[in-house]
**Student:** 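Mind having a look at this structure? Questions to follow.
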Amino acid sequence: MLTVLDNPLVRRDITLLRDKTTTPDRFRAAMQRIGTALAVESAKFLAMRTFRVQTPLEETEGYDIGHDVVLLPVLRAGVSLVQAFSDLMPEARIGYIGLSRNEATLATEEYYCNIPVLNPDSLVFILDPMLATGGSVCSTIERLEARGAKKMVIVSVIAAPEGVKRVENAYPNLQILTSTLDRGLNEHGFIMPGLGDAGDRYHGTV
Ligand code: PRP
């Protein structure tokens with residue numbers, strides 16, 4: 001199920017990301033703010049655990065996170081969301097998966113994979129700012145399922161309808177969160193109007 005996060009601050013920051021004259025430092029700052037908004041919205045997928053807490057005056061109900069939270073950024077662009085998510089979910093464990101897209105075939109190629117041991121309470125947030133063809137996300141989910149993952153949420157910043165459809169068809173019960181749904185993909189598999197290559201722009205490697 002797709003949720004498109006929409007608020008004026010996020011729209012302003014998406015515009016900054018889109019603008020080709022935005023420098024890497026401003027791109028990173030905008031990504032950080034969008035990441036914070038996405039992390040707050042993502043909290044709705046977290047289960048709660050209740051317990052009794054003693055205030056200075058009396059005992060009352062207290063709350064803690066009921067999931068084992070795992071953040072899984074897809075390298076490289078996913079790095080841009082790690083700080084915001086780990087700030088709001090400090091208990092999270094963090095893994096990494098390195099996938100690159102073969103620009104000729106658009107196929108996904110793995111070059112790194114370090115996923116923490118998962119347990120039945122694990123909720124994995126897959127962090128990848130760009131959901132284009134959906135190949136990277138589907139490859140990541142396959143690897144997570146092979147390690148026993150039962151609960152996953154896909155967090156993107158910018159998504160194409162083609163990628164959303166591919167993921168929804170393959171995994172109808174999965175939650176997808178994004179901050180903008182763009183028009184579609186061009187013939188090279190780039191999101192249009194898009195923002196270019198998030199990994200390159202974030203890391204200043206354009
Ligand atoms: C980009 C982007 C996503 C992926 C999306 O990665 O960061 O991971 O492509 O495309 P898909 O939905 O068609 O799989 P890229 O290969 O450019 O690597 P980078 O993050 O290192 O720049």
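One-based numbering, in listed order, for ligands and for the atoms of each. Sequential numbering from 1 along the given sequence is applied to the chain's residues. These numbers come from the heavy atoms of this one structure, side chains and all, not from hydrogens, waters or symmetry mates.
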**Student:** Could you name the option among Ala107, Ala77, Ala159 that has the heavy atom nearest to atom 20 (O) of ligand 1?
**Tutor:** Ala77

**Student:** Counting heavy atoms not belonging to Arg11, are there more than 12 under 6.0 Å from its CZ?
**Tutor:** no

**Student:** Does ligand 1 have an atom that lies less than 4.0 angstrom from a heavy atom of Gly189?
**Tutor:** no

**Student:** Between Ser122 and Asp68, does any side-chain donor sit less than 3.5 Å from a side-chain acceptor?
**Tutor:**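 Per modelled atom types, Ser122 and Asp68 side chains form a pair under 3.5 Å.
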
**Student:** What protein heavy atom is closest to atom 21 (O) of ligand 1, reported as residue, atom name and distance in Å?
**Tutor:** Arg76 NE, 2.7 Å

**Student:** Which option, Gly134, Ala160, Ser136, owns the non-hydrogen atom nearest atom 12 (O) of ligand 1?
**Tutor:**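 Answer by nearest heavy atom: Gly134.
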
**Student:** Might you work through the side-chain contact (heavy atoms from CB on, under 4.5 Å) test for Ile126 and Leu144, ending with a clear yes or no?
**Tutor:** CA-CA 10 Å; Ile126 300 169; Leu144 284 167; 3.6 Å; yes

**Student:** Does any N or O atom in Tyr111 lie less than 3.5 angstrom from one in ligand 1, N or O only?
**Tutor:**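 No, Tyr111 has no N/O under 3.5 Å of an N/O on ligand 1.
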
**Student:** Using a 4.0 Å cutoff against the non-hydrogen atoms of Met130, which atoms of ligand 1 qualify?
**Tutor:**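 The atoms of ligand 1 under 4.0 Å from a heavy atom of Met130 are 2 (C), 3 (C), 5 (C).
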
**Student:** Please identify which atoms of ligand 1 are closer than 4.0 Å to at least one heavy atom of Asp128.
**Tutor:** 2 (C), 3 (C), 7 (O), 8 (O)

**Student:** Under 4.0 Å from any heavy atom of Ser100, which atoms of ligand 1 are there?
**Tutor:** 16 (O)

**Student:** Is Pro129 close to Ile158 at the side-chain level, that is, under 4.5 Å between some pair of heavy atoms?
**Tutor:**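 SC-SC contact between Ile158 and Pro129 ruled out.
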
**Student:** Mind running side chain to side chain donor-acceptor pair (under 3.5 Å) on Asp200 and Thr205 for me, showing each step along the way?
**Tutor:** CA-CA 5 Å; Asp200 276 333; Thr205 53; 2.6 Å; yes

**Student:** Please state which protein non-hydrogen atom is closest to atom 6 (O) of ligand 1 and give its distance, to 0.1 Å?
**Tutor:** Leu99 O, 4.8 Å

**Student:** Which heavy atom of the protein is the closest neighbour of atom 16 (O) of ligand 1, given with residue, atom name and distance?
**Tutor:** Arg101 N, 3.0 Å

**Student:** Please work out whether any backbone atom (N, CA, C, O) or any side-chain heavy atom from C-beta onward of Val137 is under 4.0 Å from ligand 1, and answer side chain, backbone, both or neither.
**Tutor:**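 Looking at Val137 and ligand 1, no heavy atom falls under 4.0 Å.
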
**Student:** Leu81 versus Val157: any side-chain heavy-atom pair under 4.5 Å?
**Tutor:** yes

**Student:** Hey, is Thr133 touching ligand 1 through its side chain, its backbone, both or neither, going by heavy atoms under 4.0 Å?
**Tutor:** both

**Student:** Under 4.0 Å from any heavy atom of Asp197, which atoms of ligand 1 are there?
**Tutor:**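 In order of numbering, the contacting atoms are 17 (O), 22 (O).
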
**Student:** Can you confirm whether some protein heavy atom lies under 4.0 Å from atom 1 (C) of ligand 1, or whether none does?
**Tutor:**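 Given the 4.0 Å limit, the answer for atom 1 (C) of ligand 1 is no, no protein heavy atom qualifies.
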
**Student:** Do Asp182 and Arg18 meet the salt-bridge criterion of a basic N to acidic O distance under 4.0 Å?
**Tutor:**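 Looking at Arg18 and Asp182, the cut-off is met.
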
**Student:** Surrounding CZ of Arg49 (heavy atoms of other residues, nucleotides or ligands, distance under 6.0 Å), is the total greater than 12?
**Tutor:** yes

**Student:** Indicate yes or no: at least one non-hydrogen side-chain atom of Phe85 is less than 4.5 angstrom from one of Ile94.
**Tutor:**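 Side-chain contact under 4.5 Å: no.
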
